[in-house]
Q: 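Starting off with a structure, shown below.
The figures here come from the full heavy-atom set of this structure, side chains too, leaving out hydrogens, waters and symmetry mates.
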Amino acid sequence: MLASAQPLSTSSPWMNFLKFDKTTVAVQRFRSPWDARSCFTWHAPASMMRDGSEFKIPHVMSVAGSDSGGGAGIQADLKTCAARGVYCSTVITAVTAQNTVGVQGVHILPEDFVAKQMKAVLSDMQVDVVKTGMIPSVGIAKVLLQCISEFPIRALVVDPVMVSTSGDVLADSSILPVFRNELLPTADIVTANLVEASALLGGVQMETIDDMKFAAKSIYDMGPRNVLVKGGDLPASLDAVDIFFDGKNLYELSSARINTRNTHGTGCALASCIAAELAKGSPMLSAIKVAKRFIETALVYSKDIEIGGGLQGPFDHLLKLKNVPHRSLARCLFSPEKLLLYAVTNSGMNEKWGRSITDAVKAAIEGGATIVQLREKNLETREFLEAATACVAICRSKGVPLLINDRVDIALACDADGVHIGQSDMPTCTARCLLGSEKIIGVSCQTPEQAHRAWIDGADYIGCGGVYSTNTKANNLIIGLDGLKSVCLASNLPVVAIGGINSSNACSVMEIGVPNLKGVAVVSALFDRECISTETGKLRALLEEALGTQNGGN
């Protein structure tokens, strides 16, 4: 069973504080700066602590076949766990000869040697979660069941691999009764694709989402605590829709269907990512959502790489193969269209009009703001954190990203979607190390050189300006429309224009004719007005009209 997560206390004795200029960032005593954000993204169970001062490293043991092509099986599990910051040990059940064309051979390992591998790891290495892939024989299934009954684990993730994507049989049909009657009742979650679900249910065909829901409930009746039926191959769906059933609720989990040949090993990677998140202490549904996002990100990143000449290539779990410096998950997932109407709050204006930060953010979102940045200079840290946490909840409920200006510590503590930093703030590469790969980072830039540096250091977008003079930032350099255009043309990143922009000049900004200019950032024109939502709605309409005119002219 899964261990329950414990609240994280910022007053714990194992917290340290690092200072970067004016910014204070709370981090644990980890071995690398990438781990700093972990304490804010998942809460470690008490069972994962040693002597109250150090995290036990989350550990997944993968029991699966070896893929000589490196795309699926043990190799996929190792790469996925590495990408998710989890240690992965391995028990190899079979060695396959395969590539992007298909499987040319399968050699099943002797049962006694599979047992030796399992016992060697389980008896020594404090495994949190066992994830199974290719279980090619009844005997190996029995060995697995015996071993996990002897050694304590927190969760069992069963990926019932029976047939490869290329159609090659990887497990004898005689194993089905063992799956149904013995392995599934032991599982915390079963992750079955349409072919596997059909096999478990005796050949039931699935062509619709309703069929998948029926399958999820039917497999649940075999005994697992949770069931995920994966619909990546569902012919009637434009999106990749999976069905999750926890015994009470059915969830439709959708993600974009990525047009790529590089999908070999997605099922293995999804299951091992779920296992990795469970090993960290995440709840089941959260683990599944993270895993789907991870797969989607990797597929987007890998859609154009070429490895092998077959119909199904591998994808890049670690996002390294395209040789793009500091390529981030956020850059793959962040939608530049969210920059269209970028609302930046202001402490003084809120005080002037007697508004709270949350009231201002609510009004901006109601009016049509597509992204929000909290720029609060007058609040004490505790008060700012409380307000930011409330704003995160508001924005998440509406699907609007929320960024924090300058304060990486606040962004980490409230789990904001990212930060926006200036040239005199924390270096972008340092912010990326602290925030990890999944958060959004924007950087203010006024020159092509600064824009190029932001891309190299791991930013996801740049804010360029001031385009016009503004009273919200003293002594700000004015670069005008020509300066904005030159930075846009030199930038590899999406751009939002900043500085003195309002309803009278926003269209002129958007009409400079560069495709990576995605929107405008606005302060006074929204927040120094009596009705924020009304002004936001007017500006949103103007921007959409300007974009419509541009698109109509192309």
Q: Are Asn405 and Asp425 close enough that some pair of their side-chain heavy atoms sits under 4.5 Å apart?
A: no
Q: Please check if the side chain of Asp460 supplies one atom and the backbone of Gly442 the other of a donor-acceptor pair under 3.5 Å.
A: no
Q: May I have the step-by-step check of side chain to side chain donor-acceptor pair (under 3.5 Å) for Thr370 and Arg540, ending in yes or no?
A: CA-CA 9 Å; Thr370 54; Arg540 173 75 181 263; 5.7 Å; no
Q: How many angstroms lie between CD1 in Ile357 and CD in Glu383, if you round to the nearest 0.5 Å?
A: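 One gets 7.0 Å once the value is rounded to the nearest 0.5 Å.
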Q: Name all residues meeting the ring pair (Phe, Tyr, Trp, His ring centres under 6.0 Å) criterion together with Phe315; count only those two or more places apart in sequence or in a different chain, and write none if there are none.
A: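 Applying ring pair (Phe, Tyr, Trp, His ring centres under 6.0 Å) to Phe315 gives His317.
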Q: Please examine the side chains of Leu228 and Ile274, heavy atoms only from C-beta on, and report whether any two atoms are closer than 4.5 Å.
A: yes
Q: If you measure from the Lys or Arg side-chain nitrogens to the Asp or Glu carboxylate oxygens, is any gap between Arg225 and Asp188 under 4.0 Å?
A: yes
Q: Given side chain to side chain donor-acceptor pair (under 3.5 Å), test Ser255 with Lys292 step by step and report yes or no.
A: CA-CA 7 Å; Ser255 57; Lys292 281 185 66 66; 3.3 Å; yes
Q: Would you say Glu337's side chain and Lys518's backbone share a donor-acceptor pair under 3.5 angstrom?
A: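 Side chain of Glu337 to backbone of Lys518: no pair is present.
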Q: State, with a plain yes or no, whether a side-chain heavy atom of Leu434 is found less than 4.5 Å away from one of Met426.
A: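 Yes. Closest side-chain heavy atoms under 4.5 Å.
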Q: I need the Cys395 SG to Ile365 CD1 distance, nearest 0.5 Å.
A: 3.5 Å
Q: Tell me which pairs pass ring pair (Phe, Tyr, Trp, His ring centres under 6.0 Å) where either residue lies in residues 350-395, with sequence neighbours left out.
A: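 Every pair satisfying ring pair (Phe, Tyr, Trp, His ring centres under 6.0 Å) with a residue in residues 350-395: there are none.
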Q: Between Ala360 and Phe527, which heavy-atom pair has the shortest distance, and what is it?
A: O-CE2, 3.7 Å
Q: With a 4.5 Å cut-off on side-chain heavy atoms, are Lys280 and Arg84 touching?
A: yes
Q: So do the side chains of Leu340 and Glu544 get within less than 4.5 Å of each other, counting heavy atoms only?
A: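 Side-chain contact under 4.5 Å: yes.
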Q: Compare every heavy atom of Leu484 with every heavy atom of Ala497, then report the nearest pair and how far apart it is.
A: CB-CD2, 3.9 Å
Q: I need the minimum non-hydrogen distance between Ser302 and Asp316, along with the two atoms involved.
A: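 In this case the closest contact between Ser302 and Asp316 is OG-N, 2.8 Å.
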Q: After noting the C-alpha distance and the side-chain angles of Arg396 and Asp417, does the key distance pass the salt bridge (Lys or Arg N to Asp or Glu O under 4.0 Å) rule?
A: CA-CA 9 Å; Arg396 292 264 163 85; Asp417 294 292; 3.4 Å; yes
Q: Look up atom CG in Leu403 and atom CD1 in Ile371, then write down how far apart they are to the nearest 0.5 Å.
A: 4.0 Å
Q: What pair of heavy atoms forms the shortest contact from Lys439 to Ala416, and how long is it?
A: NZ-O, 2.8 Å
Q: When you measure from the side chain of Ser533 to the backbone N and O of Ala364, does any donor-acceptor pair fall under 3.5 Å?
A: no
Q: Answer yes or no: is there a side-chain heavy-atom contact under 4.5 Å between Asp359 and Ile532?
A: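 Side chain of Asp359 against side chain of Ile532, heavy atoms only: no contact under 4.5 Å found.
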Q: Are Met284 and Leu278 packed together at the side-chain level, in the sense that at least one heavy-atom pair is separated by less than 4.5 angstrom?
A: yes
Q: Please check if the side chain of Thr80 supplies one atom and the backbone of Asp77 the other of a donor-acceptor pair under 3.5 Å.
A: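 No.
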Q: Can a salt bridge be assigned to the pair Asp406 and Lys377 using a cut-off of 4.0 Å between side-chain N and carboxylate O?
A: yes
Q: Does CG in Asn259 sit with more than 12 non-hydrogen atoms of other residues, nucleotides or ligands closer than 6.0 Å?
A: no
Q: If you measure from OH on Tyr251 to CG on Asp246, what distance do you get to the nearest 0.5 Å?
A: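 Interatomic distance, Tyr251 OH to Asp246 CG, rounded to 0.5 Å: 5.0 Å.
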Q: Drop me the distance from Asn346's CG to Leu526's CG, to the nearest 0.5 angstrom.
A: 11.5 Å
Q: State the CG-CG distance between Asp528 and Asn350, to the nearest 0.5 angstrom.
A: 10.0 Å
Q: Take Val523 and Thr470, measure what side chain to side chain contact (heavy atoms under 4.5 Å, CB included) needs, and give me the verdict at the end.
A: CA-CA 9 Å; Val523 187; Thr470 175; over 6 Å; no
Q: Determine whether Arg453 and Gln450 satisfy the following criterion, side chain to side chain contact (heavy atoms under 4.5 Å, CB included), listing intermediate values before the conclusion.
A: CA-CA 5 Å; Arg453 184 76 256 167; Gln450 291 173 349; 5.6 Å; no
Q: Determine whether Tyr461 and His420 satisfy the following criterion, side chain to side chain contact (heavy atoms under 4.5 Å, CB included), listing intermediate values before the conclusion.
A: CA-CA 9 Å; Tyr461 74 92; His420 186 90; 2.8 Å; yes
Q: So do Cys391 and Leu374 actually touch side chain to side chain, heavy atoms under 4.5 Å?
A: yes
Q: Treating Arg529 as the side-chain partner and Ser524 as the backbone partner, does any N or O pair qualify as donor plus acceptor under 3.5 Å?
A: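 Here the side-chain-to-backbone pair exists.
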Q: Could you walk me through whether Glu366 and Lys398 pass the salt bridge (Lys or Arg N to Asp or Glu O under 4.0 Å) test, one step at a time?
A: CA-CA 9 Å; Glu366 287 172 3; Lys398 301 297 184 181; over 6 Å; no
Q: Using a 6.0 Å cut-off, check whether atom NZ of Lys289 has over 12 heavy atoms from anything other than its own residue.
A: no
Q: Would you name the heavy atoms of Ser491 and Ile462 that are closest together and state the gap between them?
A: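 That closest heavy-atom pairing would be OG-CD1, 3.8 Å.
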Q: For Asn505, enumerate each residue passing the side-chain contact (heavy atoms from CB on, under 4.5 Å) test, keeping only those at least two apart in sequence or located in another chain.
A: Tyr468, Ile501, Asn502
Q: Go through it in stages, so that I can follow the logic: the residues are Arg407 and Asp409, the test is salt bridge (Lys or Arg N to Asp or Glu O under 4.0 Å), and I'd like the CA-CA distance, side-chain angles, deciding distance and then a yes or no.
A: CA-CA 5 Å; Arg407 298 288 299 272; Asp409 58 333; 2.9 Å; yes
Q: Has Asn262 got a side-chain atom pairing as donor or acceptor with Ile305's backbone, closer than 3.5 angstrom?
A: yes
Q: Mark yes or no for whether Glu252, through its side chain, and Ile243, through its backbone, hold a donor-acceptor pair below 3.5 Å.
A: no
Q: If you compare all heavy atoms of Val129 against all heavy atoms of Val157, which two are closest, and at what distance to 0.1 Å?
A: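 Of all heavy-atom pairs spanning Val129 and Val157, the closest is CG1-CG2, 4.0 Å.
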Q: Can you check side chain to side chain contact (heavy atoms under 4.5 Å, CB included) on His452 and Thr447, steps first, answer last?
A: CA-CA 9 Å; His452 182 68; Thr447 67; over 6 Å; no
